[in-house]
Amino acid sequence: LVLEGARRRVGLALSLITALFFVYPFVSPYLPGQLYGRGYSVERVSTFLTTTTEGIYGIPLGVSATYIVMFTIFGAFLSAFGAGDFFFGLASRLTRTMRAKTAVVFSALLGMISGSAAGNVAVTGTLTIPMMKREGYQPHQAAAIEAVVSTGGQIMPPVMGAAAFIMAEIIGQPYSSIMQAALIPAILFFLSILIIVHLQAVKLGITGIPATPEAPMALGPLLLSGVPYIVSFGTLVGLMVWGYSPFKASFAALGLLLVLCAIWQRPRPLDFLSRALDAIEAGVKAIVPIAVACAAAGIISGTLAMSGLGSKISSLIIGASAGMPVVALVLTMLVAVVLGMGLPTTAAYLILATVVAPALVKMGVPL
């Protein structure tokens, strides 16, 4: 069921990689060299993977069922109650007529509430890609800019991608520490894209779209309309910095968002309820691919732990790099790039964290 779920919701690549690891305990007695193992029965493997915390029901799935699902629902509520429109208005106001830069700033702002690259593209792309095409960018250039900036949303605090929550749990650090570590790289990521977009515009002779009567509203009224989102954001970050768990912080921020939206926007009760129900549905649907990827990664990590294959792979990595951490890091980068071509971030991270990270730690790379 996990393999079929991974195939349907994540892709064939993850399903095949998971199946490869799952088969290993049964074929290991027939493999040569370092890959040789004593072998296990179907009953032993299935029992280990489903009744211990090192298999399917391990840390990744536990994190997806607590922290991640709460944050995806929080992000869905922000979108349902108009945060996307507010951030687009703010991005337009800050960048004026350069629509490609609006796309970058808009995706950076939206990345603060959505840790999903695909979700960012779905929300921002429908607005920014047509704008960039009208501005003078080729369709493939506009799509590429949007895809790259949307990917950065996964490392933009406070709501980052699912891998960040799993990372915090695996290394035993609070999520606020992961946020602090991600902030500067995230800013540099978007700043570098802004520079590239600007240079590309200069090269193509694009000067932007002249100001129109539909220009964005003044900054003061715009910020006033966004008070519910700004306050709920501040609450989320503040509570996590003060030591509250991500679950409690997101729950409190979500409750505050609903109260403030009810006061600020004064929607009709039925409309308010409808948007809330739509947000819950969207948030829960968004967690499904992440949960499936986490369950599949549990099969991989469980197989590694039970068969001892993990330590053998670590030995192979150390041997291939001749014990030099720099070489091992370059090899890790290459594996990450190849995995990233066919897998979503969460699945790629979990495989690397399970298979490669132990070898790097043995070589002295800080956890």
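Below, each value reflects all heavy atoms present in this structure, side chains not excepted, and no hydrogens, waters or symmetry copies. Everything numeric in this text was worked out from a predicted model, so none of it was measured.
- Contact detail for A293 and L350: the closest heavy-atom pair is O-CD1, 4.3 Å.
- Closest of all the heavy-atom pairs between L3 and A19 is CD2-N, 3.8 Å.
- Counted within 6.0 Å of OH on Y57, heavy atoms from surrounding residues, nucleotides or ligands total 12 or fewer; the atom is thus considered open.
- Looking only at distances, a side-chain donor or acceptor of W264 sits under 3.5 Å from a matching main-chain atom of L224.
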Next on the checklist: Test side-chain contact (heavy atoms from CB on, under 4.5 Å) on M167 and I170; report intermediate values, then the result.
Outcome noted: CA-CA 5 Å; M167 191 184 299; I170 288 176; 6.0 Å; no
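- A donor-acceptor contact shorter than 3.5 Å links the side chain of T72 to the backbone of V69.
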Side-chain donor-acceptor pairs of residues 231-243 under 3.5 Å, sequence neighbours excluded:
unit_1, atom_1, unit_2, atom_2, d
S232, OG, P228, O, 2.9
S232, OG, Y229, O, 3.0
T235, OG1, V231, O, 2.8

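- Taking both residues in full, the closest heavy atoms of I129 and A143 are given as CD1-CA, 4.1 Å, listed atom of the first, atom of the second, then distance.
- Note on V23: it does not cluster hydrophobically with F48, by side-chain heavy-atom contacts below 4.5 Å among ILVMFWY residues.
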Identify every side-chain donor-acceptor pair in residues 175-188 under 3.5 Å, counting partners at least two apart or on other chains, and give the distances.
unit_1, atom_1, unit_2, atom_2, d
Y175, OH, P158, O, 2.7
Y175, OH, M160, N, 3.1

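- Note: I145 CD1 to Q200 CD = 5.0 Å, rounded to the nearest 0.5 Å.
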Which donor-acceptor pairs under 3.5 Å do side chains of residues 246-257 form with protein atoms, sequence neighbours excluded?
unit_1, atom_1, unit_2, atom_2, d
S250, OG, P246, O, 2.9
S250, OG, F247, O, 3.0

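- Atom NZ of K133 has 12 or fewer heavy atoms from other residues, nucleotides or ligands within 6.0 Å.
- Each salt bridge (charged side-chain N to carboxylate O under 4.0 Å, His left out) pair with one or both residues in residues 22-45, not counting sequence neighbours, would appear here, but there are none.
- Closest non-hydrogen pair, P289 versus V10, comes out as O-CG2, 3.6 Å.
- In this structure, L20 has no side chain to side chain contact (heavy atoms under 4.5 Å, CB included) partners at least two apart in sequence or on a different chain.
- Remark: L204 CG to Y137 OH distance equals 6.5 Å, nearest 0.5 Å.
- A donor-acceptor pair under 3.5 Å links the side-chain atoms of Y24 to the main chain of L35, judged by distance alone.
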Can you give me every donor-acceptor pair (side chain of residues 59-66, partner residue at least two apart or in another chain, under 3.5 Å) with its distance?
unit_1, atom_1, unit_2, atom_2, d
S64, OG, L61, O, 2.8
T66, OG1, G62, O, 2.8
T66, OG1, V63, O, 3.4

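- For the residue pair Y36 and L31, the shortest heavy atom distance occurs at CB-O, 3.4 Å.
- We find the CD-CG distance between E4 and L1 to be 8.5 Å, quoted to the nearest 0.5 Å.
- A distance of 11.0 Å separates OG of S46 from CD1 of I299, quoted to the nearest 0.5 Å.
- A continuous path of hydrophobic side-chain contacts links L352 to V365 [ILVMFWY only; heavy atoms under 4.5 Å].
- Within the structure, the side chain to side chain donor-acceptor pair (under 3.5 Å) test picks out no pair touching residues 347-367 (sequence neighbours left out).
- V259 and V227 fall within a single hydrophobic cluster, where Ile, Leu, Val, Met, Phe, Trp and Tyr are joined by side-chain heavy atoms under 4.5 Å apart, directly or via other members.
- Residue pairs that meet the side chain to side chain donor-acceptor pair (under 3.5 Å) test with at least one member in residues 336-346, sequence neighbours left out, are Q154-T345.
- For I193, the side chain to side chain contact (heavy atoms under 4.5 Å, CB included) partners two or more places apart in sequence, or in a different chain, are V104, V148, V149, F189, V197.
- Heavy atoms from other residues, nucleotides or ligands lying under 6.0 Å from CZ of F22 number 12 at most.
- Side-chain contact between I230 and F86: present, with at least one pair of heavy atoms (C-beta onward) separated by less than 4.5 Å.
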Please tabulate, one pair per line, all N/O donor-acceptor pairs under 3.5 Å involving side-chain atoms of residues 73-85, not counting sequence neighbours.
unit_1, atom_1, unit_2, atom_2, d
S79, OG, G75, O, 3.2

Distance-only donor-acceptor pairs under 3.5 Å for side chains of residues 315-341, two or more places apart:
unit_1, atom_1, unit_2, atom_2, d
S315, OG, S311, O, 3.0
S321, OG, I317, O, 3.0
S321, OG, I318, O, 3.2
T332, OG1, A328, O, 2.7

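- F26 CZ to S307 OG: the interatomic distance, rounded to the nearest 0.5 Å, is 11.0 Å.
- Neither V45 nor F21 shares a network with the other; the hydrophobic side chains, linked directly or stepwise wherever heavy atoms of I, L, V, M, F, W or Y lie under 4.5 Å apart, form separate groups for each.
- Residue pairs that meet the side chain to side chain donor-acceptor pair (under 3.5 Å) test with at least one member in residues 269-285, sequence neighbours left out, are D271-R275, E281-K285.
- Heavy atoms only, all atoms of each residue included: T303 and L49 are closest at N-CD2, 4.0 Å.
- In this structure, CG on L304 lies 5.0 Å from CG on L309, to the nearest 0.5 angstrom.
- Under the 4.5 Å side-chain heavy-atom criterion for ILVMFWY residues, a single connected hydrophobic cluster contains both Y67 and V159.
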